[in-house]
Amino acid sequence: MWSQRDPSLRKSGIGNVFNKNLDKSIDNKALYDTFSAFGNILSCQIVCDEHGSRGYGFVYFETEEAARNAIEKVNGMLLNGKKVFVGRFMNRRERMEMMGNKVKKFNNVYLRNLSEDVDDNGLRDMFEPYGKIISTKVMTTFDGKRRGFGFVSFEEPESAERAVEEMNGKELRGKVLFASQSQKKTVRQAELKEKFERIKMERINHYQGVNLYVKNLDDVIDDERLRKEFSLFGNITSARLHEPVRSTSPPQRSQMATQRSSSPMYPLSPSPPSFLRSLTPPPRSPTECFRPITPPQPGTSGLSRQLDMEETTWDLNGKF
């Protein structure tokens, strides 16, 4: 069995089956054995985290007909003592459209910026006028210190909506309370991403066609001169030169060259590194470094003459 790596095919929903309420003991092989009787399976996966199976997975069939047969036969069956749900895969946008107004209803309220003296009972007393409460919780640290936020779960969605409308932005015990619908992390991330994308597109559309790029300007042109030249064509909100692009003027370049030529030049005499100093021979006197070459004595062999010349050459180089 190979895994389908093309995300466009998987997300299209064609042949892709979603399974949930699966028992923790069901793995990829058990899921494959369950659905392989309905057709050829291209990929099969149980979604897991660090604790194991999360109770849902996906089966991607080769044909849409095999997916429909699997949904009809397996949906509502008992697998390892649990009634499973099997249906066609739908992306988030399709699920939101199907739920309609139901997605806007909520029972859990998230509260932030609570006073440090507000506990679970105080939170219940604060929100009981808005409806029947199932539970209240003020989050604390390991040592019992209150963290300033909590949750209230109402029995009716209308009570939760009324509590958010009236309590959000209200000042309680010197602090402005924040109240909103309690959302999962993935939902908050999706909403923030959509919000930032909308702001980005609005900014792009607002400045589309109103910014001008001007190049090949003379070095004497500054921001005020640039604004003055273009103010004849309409109101200017900002005009600015990009400083790193501008080069120095010819008089400035000539002055810099003159300063460099007139400045004294000092030879550099860096000292050798510490680990090389131990290998450096002691300094020699000029007479030792530049002693005259002694011609070879008659009768000496070629090897002796070569050794004498090598020693003399080392002395002439004067290794310091």
Check whether any side-chain N or O of [X] sits under 3.5 Å from a backbone N or O of [Y] as a donor-acceptor pair, and report yes or no.
X: Lys24; Y: Ser53; result: yes
X: Asn107; Y: Phe154; result: yes
X: Thr136; Y: Val152; result: no
X: Glu155; Y: Ile133; result: no
X: Asn21; Y: Val84; result: no
X: Asn113; Y: Leu177; result: no

- Are Met167 and Leu111 side-chain neighbours, meaning at least one heavy-atom pair lies under 4.5 Å?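 They are not in contact (no side-chain heavy atoms under 4.5 Å apart), so the answer is no.
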request  = May I ask you to test the Phe61-Asn69 pair for a side-chain heavy-atom distance under 4.5 Å?
outcome  =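 Side-chain contact under 4.5 Å: no.
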Rounded distance [0.5 Å steps], [atom1] in [X] versus [atom2] in [Y]:
X: Asn75; Y: Phe18; atom1: CG; atom2: CZ; answer: 11.5 Å
X: Thr140; Y: Arg146; atom1: OG1; atom2: CZ; answer: 8.5 Å
X: Ile134; Y: Glu156; atom1: CD1; atom2: CD; answer: 8.5 Å
X: Thr34; Y: Asn19; atom1: OG1; atom2: CG; answer: 9.0 Å
X: Arg240; Y: Asp222; atom1: CZ; atom2: CG; answer: 14.5 Å
X: Ile221; Y: Lys228; atom1: CD1; atom2: NZ; answer: 10.5 Å

Please tell me whether [X] and [Y] are part of a single hydrophobic cluster in this structure, the criterion being side-chain heavy atoms less than 4.5 Å apart.
X: Val214; Y: Leu241; result: yes
X: Val176; Y: Val109; result: no
X: Leu212; Y: Ile236; result: yes

Check the surroundings of atom [atom1] in [X]: do more than 12 heavy atoms from other residues, nucleotides or ligands lie under 6.0 Å from it?
X: Asn216; atom1: CG; value: no
X: Arg227; atom1: CZ; value: yes
X: Glu65; atom1: CD; value: no
X: Glu116; atom1: CD; value: no
X: Arg124; atom1: CZ; value: yes

Write down the atom of [X], the atom of [Y], and the distance for their closest heavy-atom approach.
X: Gly122; Y: Val118; answer: C-CG1, 4.3 Å
X: Val164; Y: Gln181; answer: CG2-N, 4.5 Å
X: Arg173; Y: Asp117; answer: NH1-OD1, 3.1 Å
X: Ala66; Y: Phe38; answer: CB-O, 3.3 Å
X: Ser25; Y: Asn80; answer: OG-ND2, 2.9 Å
X: Lys215; Y: Tyr213; answer: CB-OH, 3.7 Å

**Request:** Fit a plane to each ring of Tyr56 and Phe58, take the angle between them on a 0 to 90° scale, and name the class: parallel (under 30°), tilted (30 to 60°) or perpendicular (over 60°).
**Result:**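 Answer is perpendicular, since the angle exceeds 60°.
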Requested in this report: Before giving the answer on salt bridge (Lys or Arg N to Asp or Glu O under 4.0 Å), spell out for Lys29 and Asp33 the whole-Å C-alpha distance, their side-chain angles and the decisive distance to 0.1 Å.
Outcome: CA-CA 6 Å; Lys29 185 178 183 305; Asp33 295 339; 3.1 Å; yes
From the options Ile26, Asp23, Leu22, select the one residue that forms a side chain to side chain contact (heavy atoms under 4.5 Å, CB included) with Lys82.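 Of all the options given, the one that passes is Asp23.
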So which of Asn16, Val74, Leu31 actually passes side chain to side chain contact (heavy atoms under 4.5 Å, CB included) with Val59?
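Answer after filtering Asn16, Val74, Leu31: Leu31.
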Margin query: Is a donor from one side chain sitting under 3.5 angstrom from an acceptor on the other, for Ser153 and Asn108?
Written below: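 Note: Ser153 and Asn108 side chains meet the donor-acceptor criterion.
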Tell me, with the steps shown, if Lys137 and Asp120 meet side chain to side chain contact (heavy atoms under 4.5 Å, CB included). CA-CA 5 Å; Lys137 180 63 178 178; Asp120 295 348; 4.1 Å; yes
- For Arg198, enumerate each residue passing the side-chain contact (heavy atoms from CB on, under 4.5 Å) test, keeping only those at least two apart in sequence or located in another chain.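 Testing Arg198 for side-chain contact (heavy atoms from CB on, under 4.5 Å), a comparison that skips the adjacent residues, returns Glu194, Lys195, Glu202.
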Please write out which residues are connected to Tyr110 in a hydrophobic cluster, directly or through intermediates, given that two of Ile, Leu, Val, Met, Phe, Trp, Tyr count as joined at side-chain heavy-atom separations below 4.5 angstrom.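 Under the 4.5 Å side-chain rule, Tyr110 groups with Met139, Phe149, Phe151, Phe178.
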Salt bridge or not between Arg225 and Glu229? Use side-chain N to carboxylate O under 4.0 Å.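 Yes, charged N to carboxylate O under 4.0 Å.
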Margin query: Is there a side chain to side chain contact (heavy atoms under 4.5 Å, CB included) between Val86 and Met77? Walk through the geometry before answering.
Written below: CA-CA 9 Å; Val86 181; Met77 287 182 57; over 6 Å; no
